[in-house]
Amino acid sequence: MQSDGSPATGTSAREKLSGLLTGLLDKVPGTTRALLAAGDGLKVAWTEQPVDDADNLAAVISGLYSLGRQQFKDTPGGVRQVVVEHDGGQLFVMTTGAEFTDTRAVNTVLAVVATLEADPGQAGYEMETFIRGLDEHLVVQARPNAFSGLGQ
């Protein structure tokens, strides 16, 4: 990070996004980890945590978002947020919310893990602000299905 809080030049896109995620955590007391994942479950950027933990969190949040979306598949609109409250902490999940006409693009999903002391309202507000600030950069090109065309 540079002295003005912006990401250092010459860093990768993932490192820049990870730095911005760290900034998000700095704004909400009680938050411990943040992660961006493609809608298909692969991590895009994450705050400091073991890579295996980031992989696991990416899969979990993608699944949670997908389950919520499936429940309301016949209802106009989209899933705004999924919240998991546990005796050990909280998990907040939001989609970037963009609607795409390009079927080759998938949404990204943002997760913040927090202690029970974290304010859910503040976490949600800061996540929404984060998403609005980066909306067009939070689109991931869908990976081709390795099995498409087999058996035809």
Side-chain angles (χ1 to χ4, degrees), residues 5-7 11-86 88-148:
S6 63
T11 57
S12 72
R14 188 201 63 79
E15 290 169 326
K16 288 177 184 177
L17 280 172
S18 294
L20 293 171
L21 288 170
T22 298
L24 169 64
L25 295 182
D26 291 343
K27 294 178 181 180
V28 185
T31 54
T32 59
R33 294 184 286 156
L35 180 132
L36 276 170
D40 60 3
L42 293 178
K43 64 187 182 304
V44 174
W46 56 98
T47 56
E48 207 163 304
Q49 59 191 288
V51 173
D52 288 346
D53 289 352
D55 285 332
N56 183 57
L57 183 57
V60 166
I61 67 172
S62 173
L64 283 172
Y65 173 72
S66 182
L67 287 170
R69 201 173 72 198
Q70 181 63 26
Q71 174 59 41
F72 296 98
K73 68 180 185 257
D74 297 327
T75 306
V79 174
R80 293 184 196 147
Q81 182 176 2
V82 177
V83 178
V84 176
E85 293 182 13
H86 184 273
Q90 305 173 81
L91 171 63
F92 306 98
V93 180
M94 284 187 180
T95 179
T96 61
E99 294 298 324
F100 305 114
T101 55
D102 183 352
T103 58
R104 296 168 297 169
V106 295
N107 251 339
T108 53
V109 184
L110 171 63
V112 170
V113 178
T115 65
L116 291 173
E117 290 74 34
D119 179 353
Q122 184 181 6
Y125 172 79
E126 294 298 343
M127 291 172 74
E128 183 69 31
T129 301
F130 179 88
I131 289 167
R132 265 190 262 121
L134 295 175
D135 198 35
E136 71 277 1
H137 302 290
L138 299 180
V139 178
V140 177
Q141 291 301 312
R143 285 165 279 285
N145 184 345
F147 299 106
S148 64

So, does Thr47 use its side chain to make a donor-acceptor pair with the main chain of Ala34 at under 3.5 Å?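 A pair under 3.5 Å: yes.
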Between Gln90 (side chain only) and Thr115 (backbone N and O only), is there a donor and an acceptor less than 3.5 Å apart?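 Yes: the side chain of Gln90 pairs with the backbone of Thr115.
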Applying side-chain contact (heavy atoms from CB on, under 4.5 Å), can you list everything that pairs with Glu128, at least two apart in sequence or on another chain?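 Partners of Glu128 under the side-chain contact (heavy atoms from CB on, under 4.5 Å) test: Met94, Arg132.
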Rounded at 0.5 Å granularity, tell me how far [atom1] in [X] sits from [atom2] in [Y].
| X | Y | atom1 | atom2 | result |
| --- | --- | --- | --- | --- |
| Ser18 | Leu35 | OG | CG | 8.5 Å |
| Leu20 | Asp26 | CG | CG | 11.0 Å |
| Asp119 | Glu126 | CG | CD | 10.5 Å |
| Thr32 | Gln49 | OG1 | CD | 8.5 Å |

Which atom of [X] lies closest to which atom of [Y], heavy atoms considered:
| X | Y | answer |
| --- | --- | --- |
| Ile131 | Thr95 | CD1-O, 3.4 Å |
| Ala118 | Pro120 | O-CD, 3.2 Å |
| Val28 | Thr31 | O-OG1, 2.7 Å |
| Leu21 | Ala45 | CD1-O, 3.5 Å |

Student check: side-chain heavy atoms of Val112 and Leu25 closer than 4.5 Å: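 Touching, per the 4.5 Å side-chain cut-off.
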Do Phe92 and Gln81 make a side-chain contact, defined as non-hydrogen atoms from C-beta onward lying under 4.5 Å apart?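 They are in contact (side-chain heavy atoms under 4.5 Å apart), so the answer is yes.
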Donor-acceptor pairs under 3.5 angstrom involving side-chain atoms of residues 52-80: please list them, not counting sequence neighbours.
unit_1	atom_1	unit_2	atom_2	d
Asp55	OD1	Lys43	NZ	2.5
Ser62	OG	Gly39	O	2.6
Ser62	OG	Gly41	N	3.3

